[in-house]
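To start, the structure itself, in structure tokens.
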2 protein chains.
Amino acid sequence: MDRRVRKSQEAIMEALISLMAEKEFEKITINEIAERADVNRGTVYAHYTDKYHLLDLCIETHLDQLIASCMPLEGLNEPAYPTKDSLLRVFTMLEKHTAFYTTLLTSKGVPALRSRLLEMICLGIRQQYTDLQFPAGVDQEVRIQFMASATVGVIEWWFTNPVSYSAEDITGQLWAMLEQNQMLPGKQLV
Amino acid sequence: MDRRVRKSQEAIMEALISLMAEKEFEKITINEIAERADVNRGTVYAHYTDKYHLLDLCIETHLDQLIASCMPLEGLNEPAYPTKDSLLRVFTMLEKHTAFYTTLLTSKGVPALRSRLLEMICLGIRQQYTDLQFPAGVDQEVRIQFMASATVGVIEWWFTNPVSYSAEDITGQLWAMLEQNQMLPGKQLV
DNA sequence: CACATTCTGTCGGGTAACCGACAATTACGC
DNA sequence: GCGTAATTGTCGGTTACCCGACAGAATGTG
């Protein structure tokens, strides 16, 4: 992608996030976004039809990064199913964009991120677990919904609560709980 | 100035400073500068003939900012001669660009900044003191040189020493010494 | 309501940055 | 030494951004 396009988009998205931390989404104007991004107003319209479109792509971009971060690393002999390392990579990415996630998870009137996040995590789990054996007795889709909801809940709590664990800490705790509930195939496979 | 020009120049200058904090000036290449600035290599050449030119303009830009910061503020009834407030503005500006000044004042082989800084301060003092009475017995140019050298020395010490006073603190101390040596016209005028 | 102000979305002309390529020079390792 | 790689400085075609202007919609203030 052209260097200029990337810079403009990054600046515009960052501007929106920083504005959303100050005032509610509906009160934000394209003018403000352009000004904060230090970009001509026309440039905003060149990339996005309106601020709703911008918000959508903003979410999409961050979730894509999140997906990429939990993909098994090539050359490191990582298995195709989730590991504690891949989970840590996700939380590290979340931590890196704290401003974005705290804003969009707490900002009232814009619950768009939470549902997209849950959706994304379900999809990720479903893909990674497709070839694996699970303990019997529970429908696989129910199990996936269970795990995804629990994970999203922990993420939300992590961002909205003043007590701030590090990415390593929270990863360790979440992983322990998932293991404790025998919802990871590790024990069957390793 | 065109928004794009400003952004490019800021990015390039900042890249040079950050590189100078890591390696000596002669080892730095245009490629590295462009890469760090996230700018096409051609853009560097569009603004500067070579890295020496870039370093010069870099120094010039920062000194211009410094000069602007010590100008008497309009509308605040500030006198035309230096005040403690104007000195504080200078140190605040210095503090704001700590990375630049510490790098350029400590980096061996590039004593360009120190001499330009002394020169600039002499000029500033000479201009601001042009209409004022001084205690007799000392040539005015000698006095100016004395004050400027002392000031530059304090600035150098401020940046190169691990003990870090705030801009307010160091301003207070320097002002006290200048007053103590009766080198400020304040007592004669006020 | 009338009025002023701000915001919106779009357009066209101008310009700076991008990118890839090039030959010439310098730096480096065998 | 000699060959390879990196750096330098320049160029031309392409693209994205800037800027000012515009009419229409929305907002808000008397």
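Not measured: the values here are computed from a predicted model. Letters A, B, ... mirror the listed sequences (proteins, then strands); counts begin at 1.
Atom-to-atom, OH of B/Y52 to C1' of D/dT7 comes out at 13 Å; the value is rounded to the nearest Å. Taking atom CD1 of residue B/I33 and atom C1' of nucleotide D/dT7, one finds them 12 Å apart after rounding to whole Å. A straight line from CG of B/N31 to C1' of C/dA27 spans 13 Å, rounded to a whole angstrom. For the pair B/K51 NZ and D/dT7 P, the computed distance is 11 Å after rounding to whole Å. For A/R6 and C/dA17, the CZ to P distance is 16 Å, given to the nearest whole Å. One interatomic measurement links the two molecules: CD1 of B/I28 to P of C/dT26, which rounds to 20 Å at whole-angstrom precision. In this structure, A/R4 places its CZ atom 6 Å from P of C/dC18, rounding to the nearest Å. At whole-Å resolution of the value, NE2 in B/H47 and P in C/dA16 are 9 Å apart.
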- request: Toss me the dot-bracket line for DNA chain D: Watson-Crick and G-U wobble, both under 3.5 Å, 5' to 3', using | for pairs to another strand and [ ] for crossers.
  value: ||||||||||||||||||||||||||||||
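Nucleotides of DNA chain C nearest to B/K27 and A/T49 differ in position, and the one nearer the 5' end is that of A/T49. Nearest-nucleotide positions on DNA chain C place A/E32 closer to the 5' end than the other of B/D2 and A/E32.
Within 4.0 Å of B/N40, counting heavy atoms only, lies at least one base atom of the nucleic acid.
The side chain of B/I30 sits closest to D/dT8 out of D/dA16, D/dT8, C/dG9.
Contact between B/I30 and B/V44 at its shortest, heavy atoms only, is CG2-CG1, 4.0 Å. Minimum interatomic distance between B/L118 and B/Q145 (heavy atoms only, all atoms of both residues): CD2-NE2, 3.9 Å. In plain terms, the two heavy atoms of A/I33 and A/A15 that are nearest each other are O-CB, 3.6 Å.
Counting heavy atoms from C-beta on, the side chains of A/I12 and A/L16 never come closer than 4.5 Å. When side chains are defined from C-beta on, B/I17 counts as touching B/C58, because their heavy atoms get closer than 4.5 Å. Side-chain contact between A/M20 and A/K27 is absent, with no heavy atoms from C-beta onward closer than 4.5 Å. Contact of the A/I170 side chain with the A/L94 side chain is not registered, since no non-hydrogen atoms from C-beta on lie closer than 4.5 Å.
Salt bridge A/K23/A/E32: present, at least one basic N to carboxylate O contact under 4.0 Å. A salt bridge links A/R116 with A/E60: at least one charged nitrogen is closer than 4.0 Å to a carboxylate oxygen. Between B/R36 and B/E22, at least one side-chain nitrogen of the basic residue sits less than 4.0 Å from a carboxylate oxygen of the acidic one, meeting the salt-bridge criterion.
A/H62 contributes atom NE2, which lies 9.5 Å from atom CG of A/L113 (distance to the nearest 0.5 angstrom).
Residues from residues 7-16 of chain B placing a heavy atom under 4.0 Å of any atom in DNA chain D, listed by number, are B/K7.
Contact check, A/T43 against D/dC18: a side-chain N or O comes under 4.0 Å of OP1 or OP2. The shortest distance between the side-chain N/O atoms of A/Y45 and the OP1/OP2 oxygens of C/dT10 is not below 4.0 Å.
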query: Quick one: what's the B/S/- string for nucleotides 21-26 of chain D, heavy-atom cutoff under 4.0 Å, read 5' to 3'?
result: B-----
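For the ring-ring contact (aromatic ring centres under 6.0 Å, His included) with A/F91, the lone residue among A/F159, A/W158, A/Y101 that qualifies is A/W158.
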